[in-house]
2 protein chains.
Amino acid sequence: MCQINLHGVILKEKERKILDASLKLFVERGFHGTSTAEIAKTAGVATGTLFHYFKTKEELINRLYLYTKESMLCESSKHYDDKKTFKENIKELWLKFVHFGINEPYKFQFILTFHCSPYITSLTKEQVETHAEGMLGIYKNGIQKQKIKEISFEMIMDYFWGNVVTVVTHFEKYPEKLNEKNLDMAFELLWDGISK
Amino acid sequence: MCQINLHGVILKEKERKILDASLKLFVERGFHGTSTAEIAKTAGVATGTLFHYFKTKEELINRLYLYTKESMLCESSKHYDDKKTFKENIKELWLKFVHFGINEPYKFQFILTFHCSPYITSLTKEQVETHAEGMLGIYKNGIQKQKIKEISFEMIMDYFWGNVVTVVTHFEKYPEKLNEKNLDMAFELLWDGISK
DNA sequence: TACTAAATTGACTAATCAGTCTATAATGTA
DNA sequence: TACATTATAGACTGATTAGTCAATTTAGTA
């Protein structure tokens, strides 16, 4: 459900093609390494059409950021489930991100590369809730139940996200190793690190 | 000792200034986002001088990669010390990388950003030994002494390096949190993850 | 000193860039 | 149908780019 619209706005077909072409090219060659002419050509539209939908190249990358980040977050918006153990709750969230990274490598890489870049305005960043939302509930719960170490929320957050990135990158590098057993082992590295 | 020369070749002063200016600008604005004119201006030389030392912009970034990566590796070339415990050995290596990242944020960020970029040729990558060298000895030792989990070397390597990146990035974001206690806690996250 | 090679300069160039503009086609609406 | 709005196209433009080149200075050597 959460695929063709962005903040509730349905994307036109050519707009979509431009975003998809940009995603591929920005990841492969970077922002300045990709010309608007190349994007238009890859998307199969004229440059005029590109600038009809996106006023500037910067607006294009900002809209692309919203597009990719929402695509990731809508996969992982679930909240804490009391019927499952604490560890299972964390693992579920972890797996959602890891699967997103594996199934959508371009979107994942784009978020990684550009979430700290100067082209993405702070206004854009404010428009998407961070992936911290899901984690905050889990963190409070974990501290309260004394399941996780007494480490600051910021540290756990960065550690959790860093672990997701590591694991996704690892299985991208060694795709033949991707199976449930290795995925479980990778999660244990994280879990044994943060749990008491 | 290992600062002004590169593969034993001593750098001329202007060559040095060009590399330093490039490092700053490439990290801040990216490869294509930085013009050779800007680099020359920042370095205080003419564009002709830049192209006298570096045939092309690509050669410049490749030499810069060698320069930064050697700068990192020469800080951490020590081998396994049997007088210390296994954990202490790992921690020492870990701290070397973390300190490098904190003390040389531009070099660290440059390596992070460009080690997977298409501008760095595979020939260049072959010229610097990977940071795997120091780790391999530790890994074999750890498996043999049954101190670490039975996980593939590649996974442990990626996990170790991912952790270094996470920790450096974290303390860059929250510099007020940088102290020995928090550094120790950060290491425990890694250690408890990989140790049996 | 006299000669050579290397270092340094900055004006210059062909190519490429983001973005514009005018014309035309498609779509919606009354 | 008649009219207005939106979508699409691609040639075009002024600015910027990586890299060149001829002229000049500096450094090394005999």
Side-chain angles (χ1 to χ4, degrees), chain A residues 4-6 8-65 67 110 114 117-121 124, chain B residues 4-6 8-65 67 110 114 117-121 124:
Chain A
I4 49 157
N5 56 7
L6 174 65
V9 180
I10 294 178
L11 298 175
K12 300 266 165 62
E13 193 206 333
K14 302 232 164 181
E15 200 175 353
R16 196 90 214 286
K17 282 187 174 167
I18 292 165
L19 284 172
D20 288 340
S22 305
L23 175 65
K24 181 176 186 297
L25 292 170
F26 284 155
V27 167
E28 286 172 359
R29 313 185 198 178
F31 181 65
H32 290 291
T34 307
S35 69
T36 50
E38 276 177 303
I39 295 170
K41 200 182 165 192
T42 305
V45 302
T47 61
T49 306
L50 190 154
F51 285 101
H52 172 75
Y53 286 106
F54 307 91
K55 253 179 278 181
T56 63
K57 199 182 174 187
E58 292 225 348
E59 186 187 314
L60 171 55
I61 200 172
N62 276 271
R63 294 253 297 276
L64 185 54
Y65 184 76
Y67 172 63
F110 180 83
F114 291 97
S117 93
Y119 321 118
I120 309 296
T121 68
T124 300
Chain B
I4 49 158
N5 55 7
L6 175 65
V9 180
I10 294 181
L11 299 175
K12 300 266 166 61
E13 193 207 333
K14 302 230 166 180
E15 201 176 351
R16 199 86 215 285
K17 283 187 174 166
I18 292 166
L19 284 172
D20 288 340
S22 305
L23 176 64
K24 182 177 186 297
L25 292 170
F26 283 155
V27 167
E28 287 173 357
R29 313 186 199 177
F31 181 65
H32 290 290
T34 306
S35 69
T36 49
E38 276 177 303
I39 296 170
K41 199 181 166 191
T42 305
V45 302
T47 62
T49 307
L50 189 154
F51 287 101
H52 172 75
Y53 286 107
F54 308 91
K55 253 178 280 180
T56 63
K57 200 183 173 187
E58 292 225 348
E59 186 186 315
L60 171 56
I61 200 172
N62 275 271
R63 295 253 297 276
L64 185 54
Y65 184 76
Y67 172 62
F110 179 82
F114 291 97
S117 93
Y119 321 119
I120 309 296
T121 68
T124 301

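So you know, we letter chains A, B, ... as the sequences are listed, proteins then strands, and number each from 1. Computed from a prediction, not measured in an experiment: that's the story for all the values here. What's counted below: heavy atoms across the whole structure, side chains too, no hydrogens, waters or symmetry copies.
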Restricting to ring-ring contact (aromatic ring centres under 6.0 Å, His included), what partner residues turn up for A/Phe110, sequence neighbours left out? A/Phe114
Between atom CD1 of B/Ile18 and atom CG of B/Leu50, what is the distance when rounded to the nearest 0.5 Å? 4.5 Å
Note: chain B reaches DNA chain C at heavy-atom distances under 4.0 Å over the stretch, first to last nt, 5' to 3', of C/dA7 to C/dA11
By side-chain hydrogen bond (donor to acceptor under 3.5 Å, both in side chains), B/Lys17 pairs with (sequence neighbours left out) B/Glu13
For residues 34-65 of chain B, which residue pairs pass the ring-ring contact (aromatic ring centres under 6.0 Å, His included) check, not counting sequence neighbours? none
Filter on ring-ring contact (aromatic ring centres under 6.0 Å, His included), then keep only pairs touching residues 19-41 of chain B, sequence neighbours left out; what's left? B/Phe26-B/Phe31, B/Phe31-B/Tyr119, B/His32-B/Tyr119
Using a heavy-atom cut-off of 4.0 Å across all strands, would you classify A/Thr36 as base, sugar-phosphate, or nothing? base
Sorted by chain and number, sequence neighbours left out, side-chain hydrogen bond (donor to acceptor under 3.5 Å, both in side chains) with B/Lys24 holds for B/Glu28
Between CG of B/Leu23 and CG of B/Leu64, what distance do you get to the nearest 0.5 Å? 5.5 Å
To the nearest 0.5 Å, what is the distance between CD on A/Glu15 and CG on A/Leu60? 10.0 Å
Bend angle of the helix from C/dT1-D/dA30 to C/dA30-D/dT1 from five-pair axes at both ends, rounded to 10°? 20°
Shoot me the first and last contacting nucleotide of DNA chain D against chain B, ordered 5' to 3', at under 4.0 angstrom to non-hydrogen atoms. D/dT17 to D/dT20
Taking side-chain hydrogen bond (donor to acceptor under 3.5 Å, both in side chains) as the test, write out the residues that go with B/Thr124, two or more places apart. B/Asn62, B/Thr121
Using side-chain hydrogen bond (donor to acceptor under 3.5 Å, both in side chains) as the criterion, list what pairs up with B/Glu58, not counting sequence neighbours. none
If you define the side chain from C-beta out and look only at heavy atoms, does anything of B/Thr42 sit under 4.5 Å from B/Asp20? no
Show every donor-acceptor pair shorter than 3.5 Å between a side-chain atom in residues 34-41 of chain B and any protein atom, with sequence neighbours excluded, or say none if there are none.
unit_1	atom_1	unit_2	atom_2	d
B/Thr34	OG1	B/Leu25	O	3.2
B/Thr34	OG1	B/Gly30	O	2.8
B/Ser35	OG	B/Glu38	N	3.1
B/Ser35	OG	B/Glu38	OE1	3.4
B/Glu38	OE1	B/Ser35	N	3.1
B/Glu38	OE2	B/Arg29	NH1	2.1

Stretch residues 39-56 of chain A: residues that reach within less than 4.0 Å of DNA chain C through a heavy atom: A/Thr47, A/Phe51, A/Thr56
